[in-house]
Number of protein chains: 2
Amino acid sequence: MATYLAERLGELIDLSVNERVALERLEQRERTLRRGGVLVREHDRLTELYVLKRGTMMSYVILPDGSRQILRFLFRGDLIAMAGLVYRSSPETVIALTACAVAPLDRSAVADLAVAHPRLSALLVAVGQIERVALTDRLAGLGRTSAKSRVAALLIEIRDRLRTLDPTIDGAFTLGLTQEQIGDATGLTAVHVNRMLRKLEEDGLIARDGGQFTMIDEPGLARTAHHNERRSGLDLGWLPDAR
Amino acid sequence: MATYLAERLGELIDLSVNERVALERLEQRERTLRRGGVLVREHDRLTELYVLKRGTMMSYVILPDGSRQILRFLFRGDLIAMAGLVYRSSPETVIALTACAVAPLDRSAVADLAVAHPRLSALLVAVGQIERVALTDRLAGLGRTSAKSRVAALLIEIRDRLRTLDPTIDGAFTLGLTQEQIGDATGLTAVHVNRMLRKLEEDGLIARDGGQFTMIDEPGLARTAHHNERRSGLDLGWLPDAR
DNA sequence: CGGCGATTTGATAAATGTCAAATCACGTGG
DNA sequence: CCACGTGATTTGACATTTATCAAATCGCCG
């Protein structure tokens with residue numbers, strides 16, 4: 001049986017058998033969405049959380065003038081709609097970029113997990129911090145870097161996430177986003193995204209063929225993106241013992 | 001005895017006596033900083049977390065070109081350097097905007113708390129979500145709103161945070177930031193911040209006198225800021241029982 | 001072959017940044 | 001009490017980045 005949460009958390013620490021069983025139990029149910037399907041709509045009442053089992057999704061908000069800000073791209077093993085742990089209604093819309101399957105789980109399952117498996121609960125606090133730092137990296141990008149940097153940063157971020165799911169991916173990958181979506185994630189217009197992609201190409205940093213991207217000069221791309229490699233600096237040695 | 005964490009978390013749920021005692025124990029130690037003092041420097045090794053007891057602080061990152069992005073303003077009861085739960089070195093610098101006192105605590109204290117008080121551990125997960133949503137609100141602001149909106153949003157955010165600490169504060173308050181700091185928080189230059197403040201004044205939304213701000217038309221200000229009121233929509237009924 | 005969304009390109013406009021200088025505010029030393 | 005020094009604010013002129021609008025082209029699916 002595939003175990004999505006255990007796979008994700010298992011990249012951070014070695015899980016005990018008991019912990020794996022508890023995590024698997026959370027993912028029993030399954031709900032599928034076709035491409036473009038809406039899992040959660042902004043302002044709708046939130047009753048469940050989800051684990052993404054297959055496919056990729058994104059979350060976004062719509063501003064009063066109709067413009068869209070994409071907040072996050074979601075991949076296998078990601079927890080979705082965790083804001084439901086706090087807010088009655090969803091602060092964001094979550095839709096499927098590809099055909100997807102999610103496992104819905106009740107908020108009470110998180111409560112039960114906290115009681116039965118303190119280490120996993122503490123690990124959820126830690127995972128929250130990883131995501132918080134990822135958000136602050138993006139915040140600094142939007143606030144203080146050029147359009148070119150932001151587009152480069154998005155390419156690197158997506159490639160890195162795809163690679164953790166599939167280690168055979170190297171410099172070449174399929175982004176799976178339209179230029180409008182890239183713009184909504186980076187705070188730019190689709191037209192300007194197009195120009196920046198071409199500039200990255202002219203700079204010899206990437207090559208393009210349809211939706212396929214190839215990183216030609218990865219260090220150079222990371223430099224123009226002002227990219228911070230965070231993955232290597234992890235330390236979870238403080239966690240309590242497993243049950 | 002003042003209890004900073006308990007005060008903060010007590011706004012979210014009713015704490016049990018045992019929980020209060022456990023939280024108080026975390027805050028025994030104290031370290032003071034003068035105005036401008038550095039609590040944590042970006043890239044430095046992180047060994048402790050902190051609870052802010054008195055004063056206000058801010059966290060920021062410096063980009064390769066020397067520009068600064070302020071990530072967060074910190075007030076009494078805020079947890080600081082939580083990234084230390086995950087990363088060996090700090091992703092951000094934290095400095096005191098006023099004279100401050102913090103309580104340092106070990107990461108192992110969080111582990112102990114998770115084991116002894118599952119509800120508090122789950123609550124920390126929830127608090128992480130509150131902060132995540134606050135960050136996504138700012139992300140959408142930086143990506144998709146005008147300079148005027150961003151400045152207005154900052155004024156509202158700071159005023160609201162000051163008011164939860166001191167309910168006597170109404171439309172009038174002391175921001176305690178230079179225009180350069182406002183710019184570094186909103187992704188603008190100090191010069192442009194100045195112009196936007198004047199425009200907000202001309203629009204009849206605010207009045208200024210030195211560092212003192214007064215909200216003249218609060219609904220109008222909230223509208224131009226595209227402000228989302230999140231505080232009222234909380235629901236933590238799913239938490240496990242207290243110990 | 002037709003249609004439609006996505007991409008590409010050019011011309012122009014709007015928002016914001018940069019640079020420079022004047023003014024203001026306030027604490028310090030004389 | 002006053003003069004000065006220093007950082008913050010304010011203002012104007014001009015530059016740059018990015019958005020907007022419009023049109024052409026591309027790619028793919030039915």
Side-chain angles (χ1 to χ4, degrees), chain A residues 34-36 58 63 65-70 95 97-99 141-155 174-203 206-213 224 226, chain B residues 34-36 58 63 65-70 95 97-99 141-155 174-203 206-213 224 226:
Chain A
R34 65 190 64 190
R35 182 160 182 260
M58 69 175 182
L63 302 213
D65 67 351
S67 64
R68 176 173 70 170
Q69 175 67 48
I70 294 177
I95 73 169
L97 289 171
T98 66
L142 285 191
R144 288 298 188 209
T145 77
S146 69
K148 189 163 80 165
S149 292
R150 293 186 227 168
V151 172
L154 180 71
L155 293 178
T174 303
L175 186 60
L177 299 176
T178 66
Q179 293 179 3
E180 188 179 9
Q181 289 167 338
I182 299 173
D184 286 345
T186 54
L188 302 168
T189 59
V191 172
H192 205 60
V193 167
N194 183 280
R195 294 193 240 262
M196 293 304 104
L197 286 173
R198 184 147 35 78
K199 197 169 283 187
L200 291 173
E201 205 170 15
E202 284 168 6
D203 291 352
I206 63 172
R208 289 184 298 156
D209 178 28
Q212 274 280 326
F213 287 79
T224 86
H226 307 313
Chain B
R34 66 190 65 190
R35 181 161 183 262
M58 68 175 182
L63 304 213
D65 67 350
S67 64
R68 176 173 72 170
Q69 175 66 49
I70 293 176
I95 74 169
L97 288 170
T98 66
L142 285 192
R144 287 298 188 210
T145 78
S146 69
K148 190 164 77 166
S149 292
R150 293 185 228 168
V151 172
L154 180 71
L155 293 179
T174 302
L175 187 60
L177 299 175
T178 67
Q179 294 179 2
E180 187 178 11
Q181 290 166 337
I182 298 173
D184 287 345
T186 53
L188 301 167
T189 59
V191 172
H192 206 60
V193 167
N194 184 280
R195 293 195 242 261
M196 294 304 105
L197 286 173
R198 184 147 35 80
K199 195 169 285 186
L200 291 173
E201 204 169 17
E202 285 168 5
D203 291 352
I206 63 171
R208 290 183 296 157
D209 178 28
Q212 275 279 326
F213 286 79
T224 87
H226 308 311

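Keep in mind that this is a model prediction, so the values were computed, not measured. By convention in this document, chain letters (A, B, ...) are assigned in the order of the sequence lines, proteins followed by strands, and residues within each chain are numbered from 1. Quick note: numbers below take in every heavy atom, side chains included, and nothing from hydrogens, waters or symmetry partners.
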Report yes if some heavy atom in the side chain of B:L200 is under 4.5 Å from a heavy atom in the side chain of B:T224; otherwise report no. yes
To the nearest Å, give me how far apart CD (A:E180) and P (C:dG5) are. 12 Å
Using a cut-off of strictly less than 4.0 Å, decide whether A:R208 has a side-chain nitrogen or oxygen near OP1 or OP2 of C:dA6. no
Side-chain N,O (A:N194) to OP1/OP2 (C:dT7) below 4.0 Å: no
Value in whole Å for how far the P atom of C:dC26 lies from CZ of B:R35: 13 Å
Identify the pairs formed between an N or O of the protein and an N or O of nucleotides 14-19 of chain C at a distance under 3.5 Å, and give each distance.
| from | atom 1 | to | atom 2 | distance (Å) |
| --- | --- | --- | --- | --- |
| C:dT16 | OP1 | B:A147 | N | 3.1 |
| C:dG17 | OP1 | B:G187 | O | 3.4 |
| C:dG17 | OP2 | B:T189 | N | 3.4 |
| C:dG17 | OP2 | B:T189 | OG1 | 3.4 |
| C:dT18 | O4 | B:R195 | NH2 | 2.8 |

Heavy-atom check, side chain of B:Q181 versus side chain of B:L97, under 4.5 Å: yes
With no hydrogens and no angle check, is any side-chain donor or acceptor of A:T186 less than 3.5 Å from a backbone partner on A:I182? yes
In whole angstroms, how far is the C1' atom of D:dT18 from the CG atom of B:L142? 16 Å
Nucleotide C:dA6, atom C1' - distance to CG of A:L177 in whole Å: 13 Å
Length of the line joining A:Q212:CD and D:dC26:C1', which is rounded to integer Å: 18 Å
Rounded to whole angstrom units, what separation is found between the CG atom of B:D184 and the P atom of D:dA8? 12 Å
Looking at CZ of A:R68 and CD of A:E180, how far apart are the two atoms once the value is rounded to the nearest 0.5 Å? 6.0 Å
Check this for me: B:R35, atom CZ, are more than 12 non-hydrogen atoms of other residues, nucleotides or ligands nearer than 6.0 Å? no
Given atom CD1 of B:I182 and atom C1' of D:dT10, what is their separation to the nearest angstrom? 14 Å
Please determine whether a side-chain nitrogen or oxygen atom of B:R198 lies at a distance below 4.0 Å from atom OP1 or OP2 of D:dG12. no
